[in-house]
Amino acid sequence: MARRWIAELKDGDLVEEVFFLADRQLRANRNAALYLSVDLRDRTGVINARQWNVTENSCDAIQPGGYVRVRGKVQVYQGALQMILSHITPVPGDDLNPADFEAGPPQNVAVLLDEFKAVMATVSRPPLAQLVAAFLADEALMQSLCDVPAGVKAHHAYRGGLLEHLTTLARLVRQACDVYPQLDRDLMLCGVLLHDIGKLRELSCDTGFSYTDEGQLLGHLVIGVEMLSEKVRVVEQQTGVPFPQELLWRLKHVIVSHHGAYEFGSPRLPMTPEAMALHLLDNLDAKIHEFTQAIDADPNAGSHWTLFQPRLDRKLFKGARNGSAGEAGQTSGSSTSS
């Protein structure tokens, strides 16, 4: 029997299949009854699944980082698909193909890394060039960059997702600097490398995607500033010259301000042209990726609109993807009512 991929699941589907258990939590509902919440993963995506009325002892064997066979029914809840389980049990992975359970970027990671390194190597002004070289020469860091996602559940949430995001952002920065020559191109490219560098220690992909203890306590902005300071000391030892203080402030500012607003976690708003430009381009890539992913993954294939997307606080218009624009206009009124 053909495998049931997560991306193919629809509201009302009955499922019996093996998945990778990416996350597992035991929670209590309003009546203090325990239920099991798990994230199931295959190479096409992730779906949350829940089993009601469980006990702590009955869930002891259900642990993240392994494979489970589940039986359940798919339903729509708050604009997203989830699965209500009647059965879940661990299974050995000896006869399973790990590639069936590991999502990855649509582009080849090795090719992306070569492109990213080549663009970063165009930074020419000392000491920024020495700083970039110190990061690129760190083999463990580069390997981690090929593995870590850009996020746990939002944009580029797959192995190599952070590298894909940084490479796309580097392309955008080069074009933006051609349009706005007043921007410091070398500083912008360093900002691409540094703004999310803390995610290499904030996120773990050993047993699914999760936050490390350091990541939970500090967050990638603080960790990123620490990683920058560590590499600056390496550059100073190599060159015997102190790193320019104002330049270091500008680099740190790009990191701490790139979320763009206090409510989104930035302790400072962007206060330099480069920091503002990087924030906007970073947000552009993240949002375009999130929009296209939501449209592609929408389970309601017959509708011109996606289900309501809580993270985006809206539905997204798909249109008549296999039909005409006129057809989309005829049904748009009924599709938006809720």
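Index from 1, following the sequence.
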Enquirer: Closest heavy-atom contact between Pro90 and Val68?
Expert: CA-CG1, 4.1 Å
Enquirer: Any side-chain heavy-atom pair from Leu9 and Met83 closer than 4.5 angstrom?
Expert: yes
Enquirer: Taking the side chain from Asp23 and the backbone from Val38, do they hold a donor-acceptor pair closer than 3.5 Å?
Expert: no
Enquirer: Would Asp39 and Arg24 pass as an ion pair if we require N to O under 4.0 Å?
Expert: no
Enquirer: To the nearest 0.5 Å, what is the distance between CD on Glu8 and CZ on Arg4?
Expert: 7.5 Å
Enquirer: Let me check something: do Leu269 and Met276 share a hydrophobic cluster, defined by ILVMFWY side-chain heavy atoms less than 4.5 Å apart, either directly or through other members?
Expert: no
Enquirer: Main chain of Leu136, side chain of Lys117: is a donor-acceptor contact present, judged purely on distance under 3.5 Å?
Expert: no
Enquirer: Can a cation-pi geometry be assigned to Arg3 and Phe19, taking NZ or CZ under 6.0 Å from the six-membered ring centre and within 45° of the ring axis?
Expert: yes
Enquirer: Run the salt-bridge test on Glu226 and Arg233 with the 4.0 Å N-O cut-off and return the result as yes or no.
Expert: no
Enquirer: Hey, is Arg171 close enough to Glu115 for a salt bridge, meaning N to O under 4.0 Å?
Expert: yes
Enquirer: Write down the atom of Pro127, the atom of Leu247, and the distance for their closest heavy-atom approach.
Expert: CD-CD2, 3.9 Å
Enquirer: Any idea which heavy atoms bring Ala110 and Asn108 closest together, and the distance?
Expert: N-OD1, 2.9 Å
Enquirer: Under 3.5 Å, is there a donor-acceptor pair between the side chain of Ser144 and the main chain of Ala140?
Expert: no
Enquirer: Looking only at side-chain N and O atoms, does Asn283 offer a donor or acceptor that is under 3.5 Å from a partner on His258?
Expert: no
Enquirer: So Lys287 and Leu312, do their side chains get closer than 4.5 Å, heavy atoms only?
Expert: yes
Enquirer: Between Arg311 and Glu290, is there a donor-acceptor pair closer than 3.5 Å when you use the side chain of the first and the backbone of the second?
Expert: no
Enquirer: Group every Ile, Leu, Val, Met, Phe, Trp and Tyr by side-chain heavy-atom contacts under 4.5 Å, then state whether Leu131 and Leu141 land in the same group.
Expert: yes
Enquirer: Heavy atoms, side chains only, cut-off 4.5 Å: are Leu172 and Arg174 in contact?
Expert: no
Enquirer: Determine, stepwise, if the pair Arg250 / Glu274 fulfils side chain to side chain contact (heavy atoms under 4.5 Å, CB included).
Expert: CA-CA 9 Å; Arg250 287 178 178 271; Glu274 291 77 18; 4.2 Å; yes
Enquirer: Once you round to the nearest 0.5 Å, how far does CG of Leu26 lie from SG of Cys59?
Expert: 5.0 Å
Enquirer: Just wondering, do Leu251 and Phe243 contact through their side chains at under 4.5 Å, heavy atoms?
Expert: yes
Enquirer: Less than 4.5 Å apart, side chain to side chain, heavy atoms only: is that true for Arg185 and Thr122?
Expert: yes
Enquirer: Looking at His279 and His259, what are the two nearest heavy atoms and their distance?
Expert: CE1-O, 3.4 Å
Enquirer: Does Val123 form a side chain to side chain contact (heavy atoms under 4.5 Å, CB included) with Leu193? I'd like the steps, not just the answer.
Expert: CA-CA 11 Å; Val123 174; Leu193 172 64; over 6 Å; no
Enquirer: Do Thr212 side-chain atoms and Gly215 backbone N/O form a donor-acceptor pair below 3.5 Å?
Expert: yes
Enquirer: CG/Leu112 to OG1/Thr167 distance, rounded to the nearest 0.5 angstrom?
Expert: 5.0 Å
Enquirer: Distance-only, no hydrogens or angles: does the Ser229 side chain make a donor-acceptor pair with backbone N or O of Val225 under 3.5 Å?
Expert: yes
Enquirer: Between Val109 and Leu163, which heavy-atom pair has the shortest distance, and what is it?
Expert: O-CD2, 3.6 Å
Enquirer: Taking C-beta and beyond as the side chain, do Gln51 and Tyr35 meet within less than 4.5 Å on heavy atoms?
Expert: no
Enquirer: Quick one: do Lys199 and Asp196 satisfy salt bridge (charged side-chain N to carboxylate O under 4.0 Å, His left out)? Show the steps, please.
Expert: CA-CA 6 Å; Lys199 289 185 176 180; Asp196 273 347; 3.6 Å; yes
Enquirer: Looking at every non-hydrogen atom in both residues, tell me the closest pair between Val256 and Pro267 and how far apart they are.
Expert: O-CD, 3.0 Å
Enquirer: Given side chain to side chain contact (heavy atoms under 4.5 Å, CB included), test Leu34 with Glu56 step by step and report yes or no.
Expert: CA-CA 8 Å; Leu34 292 178; Glu56 292 189 32; 3.8 Å; yes
Enquirer: Any cation-pi pair here, Arg50 with Trp52, using under 6.0 Å and within 45°?
Expert: no
Enquirer: Measure the CG-CG distance between Asp285 and Leu280 for me, rounded to the nearest 0.5 Å.
Expert: 13.0 Å
Enquirer: Is there a side-chain contact between Leu145 and Met142, using heavy atoms and a 4.5 Å cut-off?
Expert: yes
Enquirer: Does NZ or CZ of Lys231 fall inside the cone over Phe135's six-membered ring, less than 6.0 Å from its centre and within 45° of the axis?
Expert: yes
Enquirer: Nearest 0.5 Å, please: how far is CG in Asn53 from CG in Asn31?
Expert: 10.0 Å
Enquirer: Please assess Glu17 against Arg71 for the test salt bridge (charged side-chain N to carboxylate O under 4.0 Å, His left out), listing each intermediate value before the final yes or no.
Expert: CA-CA 7 Å; Glu17 191 55 85; Arg71 285 200 304 267; over 6 Å; no
Enquirer: So, do Leu169 and Leu284 sit near enough that their side-chain heavy atoms are less than 4.5 Å apart?
Expert: no
Enquirer: Quick check: does any side chain N or O of Asp184 sit under 3.5 Å from a backbone N or O of Asp186, one acting as donor and the other as acceptor?
Expert: yes
Enquirer: Can a donor-acceptor pair be found, under 3.5 Å and without considering hydrogens, that links the side chain of Ser58 to the backbone of Val54?
Expert: no
Enquirer: Just how far is it from atom CG of Leu281 to atom CE of Met188, taken to the nearest 0.5 Å?
Expert: 5.5 Å
Enquirer: Using the ring of each side chain (for Trp, its six-membered ring), is His195 parallel, tilted or perpendicular to His165, with breaks at 30° and 60°?
Expert: perpendicular
Enquirer: We want to know whether Asp42 and Thr44 form a side-chain donor-acceptor pair, criterion being a heavy-atom distance below 3.5 angstrom.
Expert: yes
Enquirer: Any donor-acceptor pair under 3.5 Å linking the side-chain atoms of Arg314 with those of Thr306?
Expert: no
Enquirer: Without swapping roles, check the side chain of Ser257 against the backbone of Arg268 for a donor-acceptor pair under 3.5 Å.
Expert: no
Enquirer: Please lay out, stage by stage, how Leu128 and Val132 fare under the test side chain to side chain contact (heavy atoms under 4.5 Å, CB included).
Expert: CA-CA 6 Å; Leu128 295 179; Val132 168; 5.5 Å; no
